[in-house]
Amino acid sequence: MSQQTSHFKLGLFIVTGTALFVVMAVLFGAGVFKEQGIIIETYVDSSVQGLEVGSPLKYRGVQVGEVTSIDLVGDFYGIKDSRHARYVMVVMELEPREAKTSRNETILGEVLSMVEAGLRIRLTSSG
């Protein structure tokens, strides 16, 4: 029962499989399927030494996001006023969460209500 193998079909299968693997690796690696989080920014009047892009953003010890960019306010907004140009702008992204909070609100609603109640971002050292 010798059956002759079709080399064309075998080659086509291998090339197609490899191409699909490469396309999926690029899509997942580029974060195409990553859900967009909530972007927040704060301005700091002091040194941000040690803070880097990708640093974790924590709320009461639980990681809820990460730092996405650090820039000078004067450079980012084109401000020439020396009083505001010296601030450092830190942009962060809160992780999207599907779960509802205790008051049956979305995470964005919870963050906004906490800010109105006095929530502020501050830098702390770890370690």
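Within a 6.0 Å radius of OH in Tyr43, more than 12 heavy atoms belonging to other residues, nucleotides or ligands are found.
Between the Thr16 side chain and the Phe13 main chain, no donor and acceptor come within less than 3.5 Å of each other.
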side-chain contact (heavy atoms from CB on, under 4.5 Å), that's the test. Do Ile40 and Val115 meet it? Break it down for me. CA-CA 11 Å; Ile40 58 175; Val115 167; over 6 Å; no
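Closest approach of Val73 and Val88 over heavy atoms only: CG2-C, 4.2 Å. Heavy atoms only, all atoms of each residue included: Gly65 and Gln63 are closest at O-NE2, 3.3 Å. Leu57 approaches Met92 most closely through the heavy-atom pair CD1-SD, 3.7 Å. Heavy-atom minimum distance, Glu93 versus Thr68: CB-CG2, 3.7 Å.
Residue Ser55 holds its OG atom at 10.5 Å from NZ of Lys58, rounded to the nearest 0.5 Å. We find the CG-CD distance between Leu94 and Glu66 to be 11.0 Å, quoted to the nearest 0.5 Å. Here CZ of Phe76 is found 13.5 Å from CD1 of Ile70. Values are rounded to the nearest 0.5 Å.
One hydrophobic cluster, built from ILVMFWY side chains closer than 4.5 Å, cannot hold both Val90 and Val53; they sit in different ones.
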